[in-house]
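Both backbone and side-chain heavy atoms feed into the values below; hydrogens, waters and symmetry mates do not. In what follows, chains are A, B, ... by sequence order, proteins preceding strands, each numbered from 1.
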There are 2 protein chains.
Amino acid sequence: MGIKRIAKLANVSIGTVDRVLNKRSGVSKETEKKVLKIIEEIGYSKNTTASRLKLAATKKIKIAILTPKSSTKWSYWKLPKKGITKAIDELTELGVMADFYDFTDSSTYKTQVKNIFLKNYDAIVTVPFFKNASNSLLNLAESINIPVVFLDTEIPLHATANFIRQNSEKAGMVAGRLLHGLVGNDGHYFIVNISNDKGIHANGKQRENGFRTFLKSIDTDINIKTITHAVDSNFTFTEELEKLFKNNNTKGIFVTNSRSHMIPPILKKHNIKNTFVIGFDMNKENIECLKNDKINFILDQNPKYQGYAAIKGLYKYITEQDASDLNIEIPIDIIVKENIIEV
Amino acid sequence: MGIKRIAKLANVSIGTVDRVLNKRSGVSKETEKKVLKIIEEIGYSKNTTASRLKLAATKKIKIAILTPKSSTKWSYWKLPKKGITKAIDELTELGVMADFYDFTDSSTYKTQVKNIFLKNYDAIVTVPFFKNASNSLLNLAESINIPVVFLDTEIPLHATANFIRQNSEKAGMVAGRLLHGLVGNDGHYFIVNISNDKGIHANGKQRENGFRTFLKSIDTDINIKTITHAVDSNFTFTEELEKLFKNNNTKGIFVTNSRSHMIPPILKKHNIKNTFVIGFDMNKENIECLKNDKINFILDQNPKYQGYAAIKGLYKYITEQDASDLNIEIPIDIIVKENIIEV
DNA sequence: TTCAGAATCGTTAACGTTCACAATAATTAT
DNA sequence: ATAATTATTGTGAACGTTAACGATTCTGAA
């Protein structure tokens, strides 16, 4: 029993106790002290459930979600949304709801941010894809005192922000270790950035850095070549690449994003043997490649859980002022053929 | 709005709606049909939170936890308990509580089961270490209609049971793949069962099978030797082992349980080079070995999450008759030096 | 002294569900 | 036909929290 017990012990009504707990005005300093002392002595932790039950109808917790538009060819962003939806489903009966917004580029991003701030949301979940826009969003949010959680990527912003993301540098190092285990010191390493029109994301660059850092720590002479390839163009070998790929060395290919499944067909077409491939994200093409032994490892960043955790973290923060779940480092999941878990 | 809305539409009181929802007696067939029809039409999902808030004080959900006694030298079982405690913490305000029991062998297990059934628990979480005892526990539980969740291991029982566990066979295969990536076809493989006084657990055997299955699928001629070693005896090399270890082959060592950290000191003492080691569970000794590059891979089964999931799953089942979270296959987490996440 | 106005505090209904109890309707016995 | 049961339904309080509203006390100016 909570507030009632405190009230009785402090010789005041539950109304007053509520007032001091919620820092509402209209209570004298003496009684406040009196109540606070009782709370100090016998302790009190609010029953969040009861509180939300009361408020569910009148004071909804409204969260705005702003994520990249997910097309059929680029469905990654459906996954965090799935996690978000799951969390919201669990919390609707407590008066939590979410609105989904999407963007395609920096300009639509900014417009959507404006739209979001026109309504009165209690929190925002988005991605830090555009540094300037992210910073101004953060400023706006801070000015009206609502929390923001960034998913997927961490970039330096000029205020401390909440990120739910994988450490991409470490992920690159993990990729380096795994690939090196198969390829060894004498093989040849290729980092493949398969970029879309929007250029390379921060994640890709950080993953590449981690990968290089790891291999350098093993042997500074290891041969690494970075290849950048636009996603919708045909892949053509330069003379240099042709030479590197056609020798007998073992070759390790590190794809810094989720399009690793594009590699095996290219290798097959050009009859390149002795290769090992590692990439990111458990999309169905990559899963297929894992199953057929065309890709050796996939690193996953649990995007669904990222979305789920964002909502649950925000709920905890808003209801209990506990920010401890707003800033999470997602484990780097290593997937091989045998530990695929179908969802 | 739930029950009230249904009541209004069906022209009955909330009391009767509650009666049909909870299948309590005292409602005529006609009105029952009437209410059911409304529910069919406009749908109804009970607000579990409100329900539990009402019942929290009077109808506690009591869960019995029966796990192995965790000693200082064998602290694995603290981890599921941590997860259980976390879940209980989240649910206490909804009237959920747990009592912890432990056992050291089959006999104390049975006594504790008796103790548990003397009290009136609403659910039981335990481990399937003793087949007979597990079966009889399952029967008892079924006779009074309370759910049981088994953690950590799956064994065949003569009634369908709920398991939250990793697929140990697959885990063995993952180990096989990872080790084979480093050791190759020509190396020599050792499966090490470091057993305690209670013999080898089902997990260990299944992991060994998976490991062998995988390597056999690569090449039937791969050389694998199983070594069984009692945990508290000194390790002594037989002549055969001495010969196998002292040649120049690459050697892969698969420890089927959490004591892989015992291997590196032995290897060092006997000056054995060219070895790769893989084991299970993120205890601090294994973490240390990973960090020092003495162990290459650790497979983890997320014991903390297993405990957490058991409680949450039981809560969902008891409150909403939804058993979907009672039977979970835990992912096989592959850990290397770079993706250790400290807790 | 009186009293308006402010400051402080208590009361109460509500959130959705549960369930004991009261109330009514239907049935049977006399 | 009336009383006594039984079957069916409605009522209201409670879980812990919130907040509007009303009640009380206090302050200071006339």
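- For the pair B:Val12/B:Val27, no side-chain contact is recorded, criterion being any heavy-atom separation below 4.5 Å from C-beta on.
- Residue pairs meeting the salt bridge (charged side-chain N to carboxylate O under 4.0 Å, His left out) criterion with at least one partner in residues 310-330 of chain A, sequence neighbours excluded, are A:Glu90-A:Lys312, A:Lys170-A:Glu329, A:Lys316-A:Asp322, A:Lys316-A:Asp325.
- Under the 3.5 Å distance criterion, with hydrogens and angles disregarded, a donor-acceptor pair is assigned to the side chains of B:Asp99 and B:Tyr121.
- Side-chain atoms of B:Thr108 and B:Thr111 form no donor-acceptor pair, as typed in the model, at a separation below 3.5 Å.
- When each of A:Asn283, A:Asp152, A:Thr67 is paired with A:Tyr76, the side chain to side chain donor-acceptor pair (under 3.5 Å) condition holds for A:Asp152 and for no other.
- When side chains are defined from C-beta on, B:Tyr101 does not count as touching B:Ile65, because their heavy atoms never get closer than 4.5 Å.
- Listed by first and then second residue, the salt bridge (charged side-chain N to carboxylate O under 4.0 Å, His left out) pairs that reach into residues 12-21 of chain B are B:Asp18-B:Arg24, sequence neighbours excluded.
- B:Ile328 meets the side chain to side chain contact (heavy atoms under 4.5 Å, CB included) test with B:Ile164, B:Ala309, B:Ile330; sequence neighbours excluded.
- Residues from residues 314-325 of chain B with heavy atoms under 4.0 angstrom of DNA chain D: there are none.
- For the segment residues 86-99 of chain B, no residue has any heavy atom less than 4.0 angstrom from an atom of DNA chain C.
- Side-chain contact between A:Leu53 and A:Thr49 is absent, with no heavy atoms from C-beta onward closer than 4.5 Å.
- Within the structure, no pair that satisfies the salt bridge (charged side-chain N to carboxylate O under 4.0 Å, His left out) test touches residues 113-141 of chain A, not counting sequence neighbours.
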Pairs under 3.5 angstrom, nitrogen or oxygen only, protein versus nucleotides 22-27 of chain C, please.
none

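- Rounding to whole angstrom units, CZ of residue B:Arg24 and P of D:dG10 are separated by 14 Å.
- Side-chain N/O atoms of A:Ser28 include none lying less than 4.0 angstrom from OP1 or OP2 on C:dA7.
- Contact check for A:Phe129 versus A:Ile155: no side-chain heavy atoms found under the 4.5 Å cut-off.
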Verdict with reasoning, A:Phe103 to A:Phe130, per ring-ring contact (aromatic ring centres under 6.0 Å, His included): CA-CA 12 Å; A:Phe103 66 90; A:Phe130 313 107; 5.7 Å; yes
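- With sequence neighbours excluded, no residue forms a ring pair (Phe, Tyr, Trp, His ring centres under 6.0 Å) with A:Phe117.
- Rounded to a whole Å, the CD1 atom of B:Ile3 is 14 Å from the P atom of D:dT11.
- The stretch residues 37-47 of chain B participates, sequence neighbours left out, in these salt bridge (charged side-chain N to carboxylate O under 4.0 Å, His left out) pairs: B:Lys37-B:Glu41.
- Listed by residue number, A:Ile14, A:Asp18, A:Asn22 are the residues of residues 8-22 of chain A with a heavy-atom contact under 4.0 Å to DNA chain D.
- Applying a 4.0 Å cut-off to non-hydrogen atoms, none of the residues of residues 30-40 of chain B approaches DNA chain C.
- Less than 4.0 Å separates DNA chain C from at least one heavy atom of each of the following residues of residues 48-62 of chain B: B:Ala50, B:Ser51, B:Lys54, B:Leu55, B:Lys59.
- Side-chain contact between A:Leu21 and A:Tyr44: present, with at least one pair of heavy atoms (C-beta onward) separated by less than 4.5 Å.
- Between the side chains of B:Glu142 and B:Asn139, not a single donor N or O lies within less than 3.5 Å of an accepting N or O.
- Among the heavy atoms of the strands lying under 4.0 Å from B:Gly2 are primed sugar atoms or P, OP1, OP2 only; no base atom is included.
- Residues B:Leu151 and B:Thr126 have side chains not in contact (no heavy-atom distance under 4.5 Å, counting atoms from C-beta outward).
- Taking side-chain N and O atoms only, B:Lys4 has no distance below 4.0 Å to OP1 or OP2 of C:dA14.
- The distance from the CD1 atom of B:Ile116 to the CD1 atom of B:Ile63 is 12.0 Å, given to the nearest 0.5 Å.
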